[in-house]
Chemist: 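I have a structure here, written as structure tokens, and I will follow up with some questions on it.
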Protein chains: 2
Amino acid sequence: MTGKQFTSVWLREPRKATTPGRSREEIVRAAVEMLDQEGLSGLSMRKLGAKLSAGATSLYWYVATKDELLELAYDEVWGEMTVPDPDRVGWRDSASALAHGMRQVVLRHPWSADLIGRLPALGPHAMEVADRMRKMFKAAGFTGPAIDFANATLTAYVFGMTIPETAWNATMGAQYDPDEMRAAVARAAAGHPDMLERINMDDYDDPMAMREMSFDFGLVSMLDGLERRLAT
Amino acid sequence: MTGKQFTSVWLREPRKATTPGRSREEIVRAAVEMLDQEGLSGLSMRKLGAKLSAGATSLYWYVATKDELLELAYDEVWGEMTVPDPDRVGWRDSASALAHGMRQVVLRHPWSADLIGRLPALGPHAMEVADRMRKMFKAAGFTGPAIDFANATLTAYVFGMTIPETAWNATMGAQYDPDEMRAAVARAAAGHPDMLERINMDDYDDPMAMREMSFDFGLVSMLDGLERRLAT
DNA sequence: ACCTGAACACCGTTCAAGT
DNA sequence: ACCTGAACACCGTTCAAGT
């Protein structure tokens with residue numbers, strides 16, 4: 001009774017689609033474009049309105065709030081994730097491909113990383129992915145709650161690994177000077193000889209490659225661990 | 001050369017601490033308090049100024065930007081994480097306790113979940129934790145880059161699991177009506193019989209307990225997987 | 001049914017001016 | 001050395017008014 005009322009775009013009837021004027025899809029498409037180009041903080045209702053050559057506040061007829069618009073844009077990102085058919089390649093390969101795919105999608109839309117901690121993923125695309133992931137883990141042999149646990153575990157790993165990556169990309173820019181970066185981190189790590197040992201390794205010469213290796217290492221560990229759950 | 005200049009509070013000399021007037025520590029403490037109470041969007045420089053009974057813009061003498069202040073507050077959160085001594089309890093227990101601790105810290109400061117994807121963790125507290133985690137994984141037997149891979153993997157898992165938890169807590173409030181929630185999710189999952197099967201399980205009667213179980217399931221899997229890396 | 005502009009209550013940040 | 005207030009360029013959102 002005392003609980004906050006739960007609201008989400010997905011739980012309200014959308015306005016009937018009519019031909020004239022703008023459409024929700026058009027707005028969401030433009031929003032995603034803007035988010036990709038300018039990031040989460042670069043999207044404003046006013047600027048988006050202008051981009052669609054509409055008055056500053058016209059969008060409010062299609063969308064109740066900016067947060068709702070973000071929910072819609074967020075689900076578009078989920079729509080880019082594909083779950084390979086586990087019956088054709090086996091669940092491990094399927095899970096592995098999915099994980100790499102999810103990472104790439106988030107790296108392509110870094111603003112989505114900020115939304116993972118802010119909006120529940122209840123859109124149709126997110127549901128579709130969740131549904132297919134459940135099928136995958138069922139095919140692997142999981143039963144009951146373990147299906148969802150395995151699902152949550154894999155998703156958590158992928159996002160947990162990728163979210164901080166977007167933070168680095170954001171502060172450092174895509175290309176930067178490896179020496180400057182090394183120096184910066186070395187300075188931050190001063191007083192921790194163990195950390196410095198790490199920094200003097202060649203990590204920073206090709207951080208992209210290093211991240212891939214790190215991602216693969218963790219992914220294999222994760223899948224090994226899940227496989228072990230099946231044995232017990 | 002073309003790279004964006006890398007900036008962070010931690011790479012600039014702090015202003016010399018002097019006795020009179022306000023201090024950076026005082027400001028950061030007040031900021032954390034405000035963030036805990038009102039969330040990330042509830043913190044404004046103006047309101048924080050008022051809380052310290054200072055003029056709206058006085059804080060800018062201690063801190064260059066709001067983002068810098070957030071970097072400082074973020075590191076305070078890292079300061080609450082404790083890494084048990086792996087020599088006393090063994091690395092698995094150490095890692096497990098650390099993981100649970102990290103999760104609790106983030107749940108206590110939900111705004112920090114939003115910052116993980118936005119700010120690199122370069123503060124002294126974050127460095128301290130990273131340093132101690134490296135020692136833990138060294139004690140476990142990892143060598144070379146694998147030390148950092150294992151580190152990244154565990155951290156990713158914990159944050160990846162916890163970040164969406166804060167999103168749920170935020171939209172649903174701490175206490176809510178389980179039936180309303182079940183109905184909401186059921187509606188979102190309409191058309192995916194597999195998902196519905198899940199919803200009709202008793203998950204939602206005690207979601208806190210369910211999340212704990214989920215977290216433990218993934219954590220054990222993760223640690224099993226890491227242990228397997230040691231064997232090879 | 002759809003769109004507009006003005007208006008409200010906010011933001012972060014700069015900067016000349018004060019003590 | 002520290003603090004202030006006014007000012008600039010923004011926000012999201014509401015709402016009466018237009019077509």
Side-chain angles (χ1 to χ4, degrees), chain A residues 5 7-9 12-28 30-31 34-35 37-74 111 114-115 118-119 170-171, chain B residues 5 7-9 12-28 30-31 34-35 37-74 111 114-115 118-119 170-171:
Chain A
Q5 175 63 22
T7 62
S8 169
V9 223
R12 297 195 301 102
E13 288 298 338
R15 233 175 255 279
K16 262 202 297 291
T18 50
T19 14
R22 278 159 266 278
S23 72
R24 212 181 227 203
E25 293 82 56
E26 191 193 353
I27 292 168
V28 173
M34 197 160 207
L35 287 163
Q37 286 164 11
E38 322 214 25
L40 191 54
S41 65
L43 177 77
S44 83
M45 298 301 274
R46 289 167 143 95
K47 274 163 64 184
L48 187 60
K51 177 172 180 163
L52 293 165
S53 35
T57 58
S58 307
L59 311 177
Y60 281 93
W61 199 80
Y62 295 93
V63 141
T65 71
K66 186 185 181 183
D67 261 23
E68 258 199 29
L69 177 58
L70 288 176
E71 275 194 282
L72 293 163
Y74 184 38
W111 49 273
D114 287 326
L115 298 181
R118 226 161 83 184
L119 307 170
T171 41
Chain B
Q5 175 63 23
T7 61
S8 168
V9 222
R12 297 193 302 102
E13 288 297 339
R15 233 177 255 279
K16 263 202 297 292
T18 50
T19 14
R22 277 159 267 277
S23 72
R24 212 182 228 204
E25 293 81 58
E26 190 193 354
I27 292 167
V28 173
M34 197 160 207
L35 287 162
Q37 285 165 10
E38 321 214 25
L40 190 55
S41 65
L43 176 78
S44 82
M45 297 301 273
R46 288 167 144 95
K47 273 162 67 183
L48 187 59
K51 178 173 180 165
L52 294 163
S53 34
T57 57
S58 309
L59 311 178
Y60 281 92
W61 199 82
Y62 296 92
V63 141
T65 71
K66 186 185 180 184
D67 261 23
E68 258 199 28
L69 178 57
L70 289 176
E71 274 194 283
L72 293 163
Y74 184 37
W111 49 274
D114 286 326
L115 298 181
R118 227 162 81 185
L119 307 171
T171 41

Chemist: Are any non-hydrogen side-chain atoms of Leu40(B) and Arg118(B) less than 4.5 angstrom apart?
Modeler: yes
Chemist: Leu52(A) CG to dT4(C) C1': how many Å, rounded?
Modeler: 15 Å
Chemist: Describe the nucleic acid contact of Ser58(A) in one word from base, sugar-phosphate, nothing, applying a heavy-atom distance below 4.0 Å.
Modeler: base
Chemist: Considering all heavy atoms of both residues, which atom of Gly49(A) and which atom of Leu59(A) are nearest to each other, and what is their separation?
Modeler: N-CD1, 3.9 Å
Chemist: For the base of dG12(D), is there a side-chain donor-acceptor partner from Thr57(A) under 3.5 Å away?
Modeler: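 Per atom types, no contact qualifies.
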Chemist: Go nucleotide by nucleotide along DNA chain C from the 5' end; which of Gly42(B) and Ala64(B) gets its closest nucleotide reached first?
Modeler: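 Comparing both residues, the 5'-ward one is Gly42(B).
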Chemist: Let me know the distance between CH2 of Trp61(B) and P of dT19(C), rounded to the nearest Å.
Modeler: 19 Å
Chemist: Donor-acceptor pairs under 3.5 Å, side chain of residues 64-71 of chain A to any protein atom, not counting sequence neighbours: which ones?
Modeler:
from, atom 1, to, atom 2, distance (Å)
Thr65(A), OG1, Asp67(A), N, 3.2
Thr65(A), OG1, Glu68(A), N, 3.1
Lys66(A), NZ, Leu43(A), O, 2.9
Glu68(A), OE1, Arg12(A), NH2, 2.8
Glu68(A), OE1, Ala64(A), N, 3.4
Glu68(A), OE2, Arg12(A), NE, 3.0
Glu68(A), OE2, Arg12(A), NH2, 2.4
Glu71(A), OE1, Val9(A), N, 2.9
Glu71(A), OE2, Ser8(A), OG, 2.7

Chemist: Once you apply a heavy-atom cut-off of 4.0 Å, does Leu43(B) come out as touching a base, just sugar-phosphate, or nothing?
Modeler: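 Since only primed, P, OP1 and OP2 atoms lie under 4.0 Å of Leu43(B), the category is sugar-phosphate.
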Chemist: For the pair made of CG in Asp67(B) and P in dC11(C), what is the distance, rounded to whole Å?
Modeler: 16 Å
Chemist: Roughly how far apart, to the nearest Å, are dA9(C) and dA9(D) at atom P?
Modeler: 22 Å
Chemist: Give one of base, sugar-phosphate or nothing for Ala56(A), where a contact means two heavy atoms less than 4.0 Å apart.
Modeler: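 Answer is nothing: Ala56(A) stays at 4.0 Å or more from every strand.
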Chemist: Is there a side-chain contact between Asp114(B) and Asp114(A), using heavy atoms and a 4.5 Å cut-off?
Modeler: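 Counting from C-beta outward, Asp114(B) and Asp114(A) never come under 4.5 Å.
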Chemist: Measure the distance from CE on Met45(B) to P on dC3(D) and round it to the nearest whole Å.
Modeler: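 So the two atoms are 14 Å apart, to the nearest Å.
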Chemist: If only atom types and distance count, is the side chain of Arg24(A) paired as donor or acceptor with the main-chain N or O of Tyr62(A) below 3.5 Å?
Modeler: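 Yes, Arg24(A) side chain to Tyr62(A) backbone: donor-acceptor pair under 3.5 Å.
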Chemist: Identify the heavy atoms of Met45(A) and Tyr60(A) that sit nearest to each other, and give their distance.
Modeler: CG-OH, 3.6 Å
Chemist: Does a side-chain N or O from Tyr62(B) land closer than 4.0 Å to OP1 or OP2 of dC2(D), or not?
Modeler: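 Answer is no, no contact under 4.0 Å.
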Chemist: Starting at atom OH of Tyr60(B), determine the distance to atom P of dG12(C), rounded to an integer number of angstrom.
Modeler: 6 Å
Chemist: Just the rounded figure in Å: distance from P of dT13(C) to CG of Leu48(B).
Modeler: 13 Å
Chemist: Is a donor on one side and an acceptor on the other found under 3.5 Å between the side chain of Ser58(A) and the backbone of Gly55(A)?
Modeler: yes
Chemist: What is the distance, to the nearest angstrom, from the CZ atom on Arg46(A) to the P atom on dT14(D)?
Modeler: 13 Å
Chemist: Base, sugar-phosphate alone, or nothing: which one does Thr65(A) contact when heavy atoms must sit under 4.0 Å apart?
Modeler: sugar-phosphate
Chemist: For DNA chain D, please output the secondary structure as dot-bracket, reading 5' to 3'. Pairs are Watson-Crick or G-U wobble, both atom distances under 3.5 Å; mark crossing pairs with [ ], other-strand partners with |, unpaired with a dot.
Modeler: ||.|||||...|||||.||
Chemist: Figure out the CZ/P separation between Arg24(B) and dA1(D), and round it to whole Å.
Modeler: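 About 16 Å, once rounded to whole Å.
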